Enquirer: 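Below is the structure I would like to discuss, written out as structure tokens.
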Protein chains: 2
Amino acid sequence: MEELGERKEKILNAIIKHYLETGEPVGSRVISKIADLSLSSATIRNEMADLEELGYIIQPHTSAGRVPSDKGYRFYVDHLIEAKNQEVAEIKDLMIEKTEKMEKVLKQVVKILANDTQYATMISAPSVRGNRLKFVQLSAVDENQILSVVVMDGNVVKNKIIHVEDPLDNETMLKLNMLLNTTLNGLTVSEINLGLITKLKEQAGIHEDIIAQVLNTVAETISDDDLEIYTSGATNIFKYPELSDSQNASELISAFEEKQALKEFIEETQSEDGEDTGIQVYIGNEAPVQTMKDCSVVTATYELGGGMKGTIGIIGPKRMDYEKVMDNLKNLKSQLDNALRGDLDK
Amino acid sequence: MEELGERKEKILNAIIKHYLETGEPVGSRVISKIADLSLSSATIRNEMADLEELGYIIQPHTSAGRVPSDKGYRFYVDHLIEAKNQEVAEIKDLMIEKTEKMEKVLKQVVKILANDTQYATMISAPSVRGNRLKFVQLSAVDENQILSVVVMDGNVVKNKIIHVEDPLDNETMLKLNMLLNTTLNGLTVSEINLGLITKLKEQAGIHEDIIAQVLNTVAETISDDDLEIYTSGATNIFKYPELSDSQNASELISAFEEKQALKEFIEETQSEDGEDTGIQVYIGNEAPVQTMKDCSVVTATYELGGGMKGTIGIIGPKRMDYEKVMDNLKNLKSQLDNALRGDLDK
DNA sequence: TGTTAGCACTCGTTTTGGTTGAGTGCTAAT
DNA sequence: ATTAGCACTCAACCAAAACGAGTGCTAACA
């Protein structure tokens, strides 16, 4: 990337900052008044012409002020990160109650975040892929129904009703439970391979269909289409005119409703290893989802140990308040860590 | 309600029908051509003037055609219901897979419905208030954690992790399980009164806190803020210009996101006993929620026996295709009945 | 050589005013 | 009671004009 020179940088920064606030194209006069470098509008104009040539800013039409380009935003954000990286994120307490259901925590978090930032937000539950089985139990609910309960590390509980033709006597039930627990306990899902399954079924004898259904439950637990995503504040989009012309808004909100696009995002996010901070910024077309080409998306990945990863994301206009958003996310990231971890071993 | 006279009725009907199709104010000429009564536009004009005076139609501005008022729609819908009541709803098979999770069925239904009608749709899971306890079980997950599983009639399963200071020995656990099951089995939640609770705790001795937490889980199961609502097609709103000016659309979609308003709706719906068909139509201000004053809402209540009730709703513009929507709902209502009932005892 | 004042120019936005046409209400004829 | 006819209304459309924010360029200046 080209070297800009201090003055140009300052001007570019001023332009972007002002644009972030107003959302209107910003002209040379404004900058000459605002920026602490005392220069006339004419000089600024010259510099702006240069900046435009370099691709950092854009003139929407001949006689309008300038607007940051994606490249401009990128510059801004990158420098922001540089500047911020040293600082320790100041942690205001967001009052996450230590409620026992992760689902509730997440719903609460995403709501708070949306409210606080006034952007659209999403959060994915930590994927339990690679998570360990902790406890399995079958119990007879009535003659033809067996309830299978599976508990994974992190207290993710999954249950399923299994239908059987003939009632199981107590003893068999006990034996099956024993078998399942001793065999599966402590395993990750990926460790349950075909050999193991065959062995299990063999030992279960005539009840192999039950085993199959239990394993099915386990498989479901980590299935990808089950990746839960919570969203909030989708309608905040309407607060930003550049996003809210009905065509655009409709698509965006649709994406939020469907959640399919969000999943793609989260996968992308988690694969692309976010540098040290774990925070990533996608500006405009950088986003892996076409629908969001007019937005910026800031994501953070949180981890719970044992490879459980989740993603928080904020979707807003390109002129979002990156500083605030990134601080917020950093903050939340650590709090989430605490809250959920605390939850786990409490 | 005033008597209209056949001719006025015919004209009113023609106006509304035409308006439903086009969404444009309809003038006297159009009606004189369309309606099978051969009258000149002038005559129609006279009649229209009358209808306006009676409040069935409205002139948006002096030199425009007429548009149905809420009262007009109401007239139309009421007569529609009268006419349709005799007929048996024709049942096309919607291919609801008999998957075992109610949640999935509902999500699927609401999606199909939204897709089919092109309106916004919602569905509430059948409330288990008044539902019976079928099975309770505690099991030790590890030293400090006990998993409590509660199964209600209709196979609604709820679980909760309970934290304890000291591990429980096997025997105690067995005793507690026995106690809980014998005492609670077959009871509805409202039947679990204070006396019972005290008695239970007494018998549990030092483990009364565990009992308390189990009961808590039961209480949560039927708590009102837990009333699950699934929605789909909220963005269909954008398809109807009269609803999609950004102010309106934002509020509406917001309502869909928050779901609070929808809850109010569903409560209203279920209390107000929908006549024989179980289908209700709210036009404009008839809706109990202010946000929807420019919409019409059609709801149907489905029942699963044992007092479990759920509500399906369709939210669209006032000029929605009532006929289609009501047919659709009637249809779905019965299918849902089958699918979920089938699910229950399968 | 870098900065600045001045000025002509551009171009989107807003305002204005005129035209159009669908639709009405009223009146008089049928 | 119905209808033809006509004057009237008014939102919608369109083109021309006025506006003004902002530019690029040039010439003067430190």
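Predicted model, so just to flag it, every value in this text is computed and none were measured. First the proteins, then the strands, lettered A, B, ... as listed; each starts at 1.
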Enquirer: Using atom names, set out every protein N or O paired with an N or O of nucleotides 2-4 of chain C below 3.5 Å, distance rounded to 0.1 Å.
Expert:
unit_1	atom_1	unit_2	atom_2	d
C:dT3	OP1	A:R7	NH1	2.7
C:dT3	OP2	A:R7	NH1	3.3
C:dT3	OP2	A:R7	NH2	3.1
C:dT4	OP2	A:S40	N	3.0
C:dT4	OP2	A:T43	OG1	2.7

Enquirer: From the list C:dT10, C:dC26, D:dG24, which nucleotide is the closest neighbour of the side chain of A:T62?
Expert: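 Among C:dT10, C:dC26, D:dG24, the one nearest the side chain of A:T62 is C:dT10.
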
Enquirer: Please give, in whole Å, the distance from C:dA22 C1' to B:H18 NE2?
Expert: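 My rounded result for the distance is 14 Å.
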
Enquirer: Taking CD1 from A:I31 and C1' from D:dA21, how many angstroms apart are they, rounded to a whole number?
Expert: 15 Å

Enquirer: Check whether any side-chain nitrogen or oxygen of B:R66 sits under 4.0 Å from OP1 or OP2 of C:dG23, and answer yes or no.
Expert: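 No, B:R66 has no side-chain N/O under 4.0 Å of OP1/OP2 on C:dG23.
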
Enquirer: Rounding to an integer number of Å, can you tell me how far B:E52 CD sits from C:dT24 P?
Expert: 10 Å

Enquirer: Examine the base of C:dG21 for any acceptor or donor lying under 3.5 Å from a partner atom in the side chain of B:R29, and report the outcome as yes or no.
Expert: no

Enquirer: For a quick check, tell me whether the side chain of B:R45 and the base of D:dG5 share a donor-acceptor pair closer than 3.5 Å.
Expert: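 Side chain to base: pair found, below 3.5 Å.
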
Enquirer: Rounded off to whole Å, could you give me the CG-to-P distance for the B:L37 and D:dT3 pair?
Expert: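 So the CG-P distance, B:L37 to D:dT3, works out to 11 Å.
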
Enquirer: Rounded to the nearest 0.5 Å, what separation is found between the CD atom of A:E267 and the OG1 atom of A:T311?
Expert: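 Output value for this atom pair is 10.0 Å.
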
Enquirer: Taking 4.0 angstrom as the limit, do A:D78 and A:R74 come out as a salt bridge?
Expert: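 Salt bridge: yes.
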
Enquirer: Can you check whether A:S63 has a side-chain N or O nearer than 4.0 Å to OP1 or OP2 of D:dG22?
Expert: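 Result: no.
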
Enquirer: So among B:Y73, B:Y282, B:Y322, which one has a side-chain hydrogen bond (donor to acceptor under 3.5 Å, both in side chains) with B:S296?
Expert: B:Y322

Enquirer: Quick one: A:H61 NE2 to C:dT13 C1', roughly how many Å, whole number?
Expert: 9 Å

Enquirer: Just so I know, are the side chains of B:V289 and B:E268 near enough to count as touching, which here means a heavy-atom distance under 4.5 Å?
Expert: no

Enquirer: Please state how far atom CD in B:E24 lies from atom C1' in C:dG23, giving the value in whole angstrom units.
Expert: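 Atom CD in B:E24 sits about 13 Å away from atom C1' in C:dG23.
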
Enquirer: Search all heavy atoms of A:I279 against all heavy atoms of A:M326 and return the closest pair with its distance.
Expert: CD1-O, 3.7 Å

Enquirer: Among D:dG24, C:dG12, C:dT24, which nucleotide sits nearest the side chain of B:M48?
Expert: C:dT24

Enquirer: As a test of understanding, state which of B:R66, B:E47, B:R45 forms a side-chain hydrogen bond (donor to acceptor under 3.5 Å, both in side chains) with B:S28.
Expert: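 It is B:R45, the one option of B:R66, B:E47, B:R45 that forms the side-chain hydrogen bond (donor to acceptor under 3.5 Å, both in side chains) with B:S28.
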
Enquirer: First locate atom CD1 of A:I253, then atom OG of A:S244, and finally report the distance between them rounded to the nearest 0.5 Å.
Expert: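 Between atom CD1 of A:I253 and atom OG of A:S244 there are 9.5 Å.
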
